[in-house]
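Order of the sequence lines fixes the chain letters, A, B, ..., with proteins taken first and strands second; residue numbering starts at 1 for each chain.
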Amino acid sequence: MDFRSIAHRYSTLLTPNSQTLARAVHAHILTSGFRPSPYILNRLIAVYCKSSNIRYARRVFDKIPQPDIVARTTLLAAYSSAGDVKLAKQVFRATPMSMRDTVSYNAMITAYSHGRDGHAAVWLFVEMKRKGFFPDSFSFSSVLGALSMIADEEKHCKQLHCEVVKCGVGNVTSVLNSLISCYVNCASSPLVSSSLVMGSARKLFDEMHERDELSWTTMIAGYVRSDDLGAARKLLDGMTEKIACAWNAMISGYVQHGFYNAAFELFRKMHLMGIQLDEYTYTSMISAASNAGFYKCGRQVHAYILRTEAQPSEHFILSVHNSLITFYTKCGKVVQAREIFNKMPVKDLVSWNAILSGFVNARCIEEANSIFKEMPERNLLTWTVMVSGLAQNGFGEEALKLFNQMRLEGLEPCDYSYAGAIMSCAVLGSLDNGKQIHSQVVRLGHDSSLSASNALITMYARCGLVESAYTVFLTMPYVDSISWNAMIAALAQHGRGVEAIQLYEQMLKEDILPDRITFLTILSACSHAGLVKEGRHYFDSMSACYDITPGEDHYARLIDLLCRAGLFSEAKNVTDSMPFESGAPIWEALLTGCRIHGNFELGIQAAERLFELMPQHDGTYIILSNMYATLGQWDEVARVRKLMRDRGVKKEPGCSWIEVENMVHVFLVDDAVHPEVQAVYKYLEQLVHEMRKLGYVPDTKFVLHDMESEHKEHALSAHSEKLAVVYGIMKLPLGATIRIFKNLRICGDCHNAFKFISKVVGREIVVRDRKRFHHFKNGQCSCGNYW
DNA sequence: GTAGGGTTAG
């Protein structure tokens, strides 16, 4: 067979799906010196482009001495869909003016549009007209897509609408679809009245002579985007054709707005009506199940897919499995999620990010870390998930390090990333860092972001500056229930229970619905302030007014509230009426109350139960041993100590820290490590002398009970919180508030001592311990000794 | 040779 006939056969066989043949032809060209016609070369480029083999396409292209406009446009379009605007532009620029035509302009406009550069696209559209090219329906579809990105006023859409009509494509369905989509996008701009613009879109839709799948889908998705689910549903119900995309848009709208039951109802209807369910339907439904916590429903969807999809496409497998990973992790089934992830034949970035955040949410930080290291590629989301995951799990330092590293790698953090960094500062109590990040947030315009601002509220509160937290809260352009919860929690942690309750009441007045977290917060606010009646009232309102079933955590806080107030019989009534067995949180609350009120009988009972439920928890042993010590039952003290030793339980060492000039200084009990600790001891000695003059008597009871301190007199002055406070007095500017942090609860003697210190040195001391804040000022503590 | 919608990761 000669070359000519081979060429002929190739040209008929080179369909877009014949990649193998394309390689054969290519090889033939390279090895035999065969010079195919431009037509064959163009086909070859097209086949390579179709199969995303752009590098081969480029090699063929570069071999052509004078590529024609078809070859150039094919390559340009391939770069465009691969998202490589730079190379697309290169090809376009290299095309001589005399060769260019409308199609090549259209392709380049689309390339800009894919590269999210709406201005460049519109500019090229204008240039193309100036150069005398007449825009066709493709030009309008492309430029309208670009315009959607930059138009924030209806008049922009209207302008192009006029041109569409002038150019005679005002009746072309595809152009009208793009135009509708343009109006729809514009409707989400804050500068326009959404209902007015949606009205214009709808008018176009109603006046169309012919509506295709896209018209219906665009219009329905448009209503969904402008939060008008009712209009979307009405349109869907009036649709006679069976258009899966339109149904998918509606379902996804329900899911995004949290109407999970409506989504499932529509899903069933879709199935009953015989509309083809596809990966888009399934992913939405699975995500509905994960968000709503409908484990059974999700399993059913999963099982249904396995039963019905015999030949799923690669795209189907990928997207469905990606959403399944999230589903299983959100339902607490990390093992299943991992299994699905491991078995996936092809993984993309979404899969990796899904499993990563699954581990992060399940608090499996080690696994998350190894996934993060293993990932073949990372994006902004990856880093953000990891930063906030580390922060949420208490690894503030690691989180901040990672945040800085992501910036070094040239990634521009988004508001969520900043929220993670701010939370790290909250965990560390690093006000200097927090303030710095706050100013960056403002500079970058992220201060209107909910996630960043909510994190700022928490950060300021946890660094001891409730007023700054309040300022953030009050200056937010809009707030959500998380903002309210954060602010109420801020007041609660600082013992300002009455204000916390007032804020909660205001939240109700503003028609914000409280959630489970709100009640946890408000109950502990009542607990810290001794507001028993109010606490009971709010607890009862949960199921009565808000249809929220109190969980074990809510019961535990109620019991904490009652026991702190010494109401043990009431607490018992509550535990008896609980719909479940008392777990560890309940017994812990009881034990805390018993410790405060010296109710040893019940306390010992609670402690013994806790030994069974969480044998590795150091706190129980310490409280129990202290109780026995107070009773003088030294045999029992010894027994508890032995039990602790035998079980290998280690007491978490007390440690306190303070920030001075952007540096965190850490002190341990009996610290000998900090370079300036000798000076600190010396200063403390002088201070105690002054304090004694005012009536301070060291309370040796606390030493007696401290299982780690063998040397009484010294141990008292060597508690880490004292060292940190003294260091602050020595190093911070005169009059500045001393803010220190402790990993455990503050010791009773230190609490007493700080009252005296605040008076002697005339400074405010703020202590954040494991549970709450203490503000010492002028010999008083804000907790009113109720802690 | 060129366009436009519905999904999954916080």
Side-chain angles (χ1 to χ4, degrees), chain A residues 42-43 45-46 49 67-78 80-81 101-111 113-114 136-146 148 172-182 184 212-222 224-225 243-253 255-256 278-288 290 315-316 318-327 329-330 348-358 360-361 379-389 392 414-417 419-420 451:
Chain A
N42 287 357
R43 291 299 320 147
I45 293 171
C49 286
D68 64 7
I69 190 66
V70 175
R72 291 169 194 268
T73 311
T74 310
L75 194 64
L76 194 165
S80 156
S81 47
D101 59 5
T102 302
V103 179
S104 56
Y105 269 102
N106 292 348
M108 191 58 221
I109 292 170
T110 307
S113 173
H114 282 170
D136 61 6
S137 63
F138 281 80
S139 324
F140 279 106
S141 284
S142 309
V143 79
L144 281 165
S148 297
V172 180
T173 306
S174 63
V175 175
L176 288 169
N177 289 345
S178 307
L179 206 49
I180 290 173
S181 156
C182 209
V184 158
D212 62 5
E213 285 200 0
L214 230 76
S215 326
W216 287 96
T217 310
T218 309
M219 198 61 228
I220 288 172
V224 166
R225 276 194 50 183
I243 301 167
C245 306
W247 284 71
N248 289 341
M250 191 67 236
I251 285 183
S252 127
V255 176
Q256 277 159 29
D278 60 15
E279 59 261 55
Y280 296 97
T281 330
Y282 294 130
T283 43
S284 286
M285 290 323 299
I286 294 166
S287 125
S290 358
H315 181 254
F316 183 100
L318 194 62
S319 49
V320 165
H321 282 199
N322 285 347
S323 51
L324 280 172
I325 293 173
T326 306
F327 167 72
T329 56
K330 282 207 180 156
D348 66 359
L349 190 54
V350 178
S351 332
W352 285 94
N353 282 341
I355 195 75
L356 179 77
S357 63
V360 162
N361 290 330
N379 66 359
L380 184 58
L381 191 113
T382 317
W383 288 88
T384 306
V385 166
M386 207 56 209
V387 168
S388 47
Q392 271 160 28
C414 64
D415 56 335
Y416 285 101
S417 335
S451 55

Identify whether any heavy atom of A:Cys49 sits under 4.0 Å from a base atom; if not, whether one sits that close to sugar-phosphate; answer base, sugar-phosphate or nothing. nothing

Would you say the side-chain atoms of A:Thr281 and A:Asp278 include a donor-acceptor pair closer than 3.5 Å? yes

If you look at every strand shown and take non-hydrogen atoms under 4.0 Å, does A:Asp348 touch a base, only sugar-phosphate, or nothing? nothing

Qualifying residues under side-chain contact (heavy atoms from CB on, under 4.5 Å), relative to A:Ser252, sequence neighbours excluded: A:Gln256, A:Ser284

On a plain distance test, is the side chain of A:Asp68 in donor-acceptor contact with the base of B:dG1 below 3.5 Å? no

From CZ of A:Phe327 across to C1' of B:dA9 the rounded distance in Å is 16 Å

Determine whether the side chains of A:Ser287 and A:Ser323 contain a donor N or O and an acceptor N or O closer than 3.5 Å. no

A:Asn353 has an atom CG; how far is it from atom P of B:dG10, in whole Å? 9 Å

Under 4.0 angstrom, heavy atoms only, what part of the nucleic acid is A:Asn42 near: base, sugar-phosphate, or nothing? nothing

Aromatic ring pairing A:His315/A:Tyr280, orientation class (parallel under 30°, perpendicular over 60°, tilted between): tilted

Atom CD of A:Glu279 and atom CG of A:Asn248: how far apart are they, to the nearest 0.5 Å? 9.0 Å

Value in whole Å for how far the P atom of B:dT8 lies from CG of A:Leu356: 19 Å

Do A:Asn322 and A:Ser319 get their side chains close enough for a donor-acceptor pair, meaning under 3.5 Å? no

Which part of the nucleic acid, if any, lies within reach of A:Ile69 when heavy atoms closer than 4.0 Å are counted: base, sugar-phosphate only, or nothing? base

To the nearest angstrom, how far is A:Leu349 atom CG from B:dA9 atom P? 13 Å

Quick one: what's the B/S/- string for nucleotides 2-7 of chain B, heavy-atom cutoff under 4.0 Å, read 5' to 3'? BBBBBB

